[in-house]
There are 2 protein chains.
Amino acid sequence: MNHPILSSSLTESVYATLRADILSARLDPGQKLKIKDLCDRLSAGSSAVREALSRLGSEGLVLLEPQRGFRVAPLSMNELHDLTRTRGQIEALCIRDAIAAGDVEWEIGLMAALHRMLRMPKEVESEPKRYSQAFTDAHTAFHEALVAACVSPWLLTLRRLLFTQSERYRALTRPLAEVERDLDKEHRLIADAALARDADRCVALMEEHLALTARILIEAAAHGSGPLSD
Amino acid sequence: MNHPILSSSLTESVYATLRADILSARLDPGQKLKIKDLCDRLSAGSSAVREALSRLGSEGLVLLEPQRGFRVAPLSMNELHDLTRTRGQIEALCIRDAIAAGDVEWEIGLMAALHRMLRMPKEVESEPKRYSQAFTDAHTAFHEALVAACVSPWLLTLRRLLFTQSERYRALTRPLAEVERDLDKEHRLIADAALARDADRCVALMEEHLALTARILIEAAAHGSGPLSD
DNA sequence: TGTAAATAAAAAATGCATATTCTAAAATGC
DNA sequence: GCATTTTAGAATATGCATTTTTTATTTACA
């Protein structure tokens with residue numbers, strides 16, 4: 001459970017490690033985060049841990065209750081619904097912007113990111129039932145590349161915020177791979193539409209893409225095998 | 001410059017105080033925030049101050065450079081443009097949602113918030129050339145009330161984030177009240193459109209409302225009297 | 001003599017051990 | 001069995017130690 005990520009300051013590294021553990025669902029939603037335990041596990045002082053947790057708090061990944069410590073932000077069906085819908089709306093704004101403003105460099109970047117993601121192994125033997133870190137990174141980079149030409153830094157900031165939140169849910173879809181899914185095809189179609197400058201189609205495909213991830217979790221929950229409340 | 005805001009934990013209070021000082025422009029954009037100074041001024045230890053600054057950091061109000069401390073996030077014309085546009089888009093989504101889903105309670109809440117804001121004195125003699133805290137709070141509450149019926153918590157979260165950012169720019173429009181502006185009328189028209197369930201008009205009025213605040217600052221900067229870079 | 005590099009001193013940020021305060025649970029009494 | 005007190009554990013806060021950055025000064029070189 002120890003994943004030391006090197007960085008400039010100790011706080012940075014604690015922050016990055018904790019963040020990765022939450023996003024990849026190595027830490028359970030709702031779980032209590034005891035300062036002392038984390039200090040031991042990450043071999044850092046309470047200052048560093050506390051500061052990292054504060055930051056994760058305002059990012060929405062950690063819930064902080066005054067005088068009662070920190071816990072991993074819970075997941076729920078309700079939030080999944082809301083998140084999917086909202087992210088769809090924001091991605092749509094970004095995509096339309098990017099398609100309108102994208103130049104050749106953008107097209108090249110998108111193609112490169114797509115290709116890299118398609119070639120990345122989705123899992124490794126050391127951690128089966130879980131997306132590999134390499135694939136996850138490439139996947140994140142693909143979605144970044146898709147909207148890289150968006151002219152609004154703030155819109156991109158909002159998109160990244162929601163994307164991060166979605167990652168937590170996405171990490172849960174892999175273990176229960178009941179529905180067979182052609183992720184590669186979904187991504188390829190999205191990229192095609194973007195390169196063809198067909199904004200409406202691209203947005204529609206993206207919404208479908210997001211909805212499918214949500215649906216997998218919802219159906220799993222309906223069968224009682226999901227880890228979600230509500 | 002000392003504004004002790006009581007709260008559950010010391011960190012909370014330091015956070016709230018600092019936040020208010022930044023939003024109201026009592027702290028200058030780009031200004032260095034020295035830990036020790038803040039400790040003395042707020043009579044708190046370095047942990048509390050550091051933690052508060054971290055949180056403000058991921059909220060975008062404070063810039064944090066590893067090993068080089070904290071500074072108040074700078075303002076710029078470019079960001080103002082972007083912020084205005086993006087906030088317009090997000091407010092639009094919230095407004096359409098609220099108007100579609102709003103019930104009688106929402107209508108009542110909106111009318112009440114409007115009325116309270118209209119009756120609130122915009123300035124006090126102790127701090128001329130600056131919006132009164134009472135008005136600022138009522139203004140915030142009005143904009144909250146307008147979209148309170150929006151069904152998406154995440155959309156509202158994003159809206160609040162951008163609203164907070166905008167507050168910093170809005171606080172600067174008062175000192176340079178060159179352009180005479182009928183704020184009351186603007187807000188009244190927005191509320192009217194919402195209550196009439198005319199989403200298109202409401203969105204258009206809101207965009208105008210936001211654009212006007214931006215224009216005042218931009219024109220002031222063009223005349224050299226503004227405090228903005230870029 | 002002026003400029004620039006190198007070094008030394010100061011200031012500031014980061015990290016830690018410890019003390020204090022608060023919460024929650026166990027134990028005691030009613 | 002319920003309420004109150006006690007106690008253990010945990011979160012919060014502090015001051016100091018350490019490390020890094022910045023500033024000021026000196027020294028070398030053109």
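Per chain, numbering begins at 1; letters A, B, ... match sequence-line order.
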What nucleotide, of [options], holds the atom closest to the side chain of [X]?
{"X": "A/Ala48", "options": "D/dA10, C/dG15, D/dT14", "result": "C/dG15"}
{"X": "A/Ser47", "options": "D/dT12, C/dC16, D/dA11", "result": "C/dC16"}
{"X": "A/Leu10", "options": "D/dT14, C/dC16, D/dA10", "result": "C/dC16"}

Please state how far atom [atom1] in [X] lies from atom [atom2] in [N], giving the value in whole angstrom units.
{"X": "A/Glu51", "N": "C/dC16", "atom1": "CD", "atom2": "P", "value": "12 Å"}
{"X": "A/Glu65", "N": "D/dT12", "atom1": "CD", "atom2": "C1'", "value": "15 Å"}
{"X": "B/Lys32", "N": "C/dA11", "atom1": "NZ", "atom2": "C1'", "value": "10 Å"}
{"X": "B/Ile35", "N": "D/dT19", "atom1": "CD1", "atom2": "P", "value": "19 Å"}
{"X": "A/Glu12", "N": "C/dA13", "atom1": "CD", "atom2": "P", "value": "16 Å"}
{"X": "A/Leu33", "N": "D/dG9", "atom1": "CG", "atom2": "P", "value": "20 Å"}
{"X": "A/Arg50", "N": "C/dC16", "atom1": "CZ", "atom2": "P", "value": "15 Å"}
{"X": "A/Gln67", "N": "C/dT20", "atom1": "CD", "atom2": "P", "value": "17 Å"}

Here's a test of your reading of the structure: between B/Gly45 and A/Arg68, which maps to the more 5' nucleotide of DNA chain D?
A/Arg68
Under 4.0 Å between a side-chain N or O of A/Thr11 and OP1 or OP2 of C/dG15?
yes
Under 6.0 Å from the six-membered ring centre of A/Phe163 and within 45° of its axis: does the NZ or CZ of A/Arg87 meet both?
no
Just call it for A/Lys36: base, sugar-phosphate, or nothing, with non-hydrogen atoms closer than 4.0 Å on any strand.
nothing
Partner nucleotide, any strand, of D/dT23 [Watson-Crick/G-U, under 3.5 Å]
C/dA8
Classify the side chain of A/Ser46 versus the base of C/dC16 as yes if they form a donor-acceptor pair under 3.5 Å and no if they do not.
no
For the pair B/Arg159 and B/Glu91, find out whether any cationic side-chain nitrogen is under 4.0 Å from an anionic carboxylate oxygen.
yes
Salt-bridge present (A/Arg55, A/Glu12; N to O < 4.0 Å):
yes
Spacing of CG belonging to B/Leu80 relative to CZ belonging to B/Arg85, to within rounding of 0.5 Å:
13.5 Å
Given DNA chain C, 5'-ward residue of the pair A/Pro66 and A/Ser43, judged by closest heavy atom
A/Ser43
Fit a plane to each ring of B/His139 and B/His209, take the angle between them on a 0 to 90° scale, and name the class: parallel (under 30°), tilted (30 to 60°) or perpendicular (over 60°).
tilted
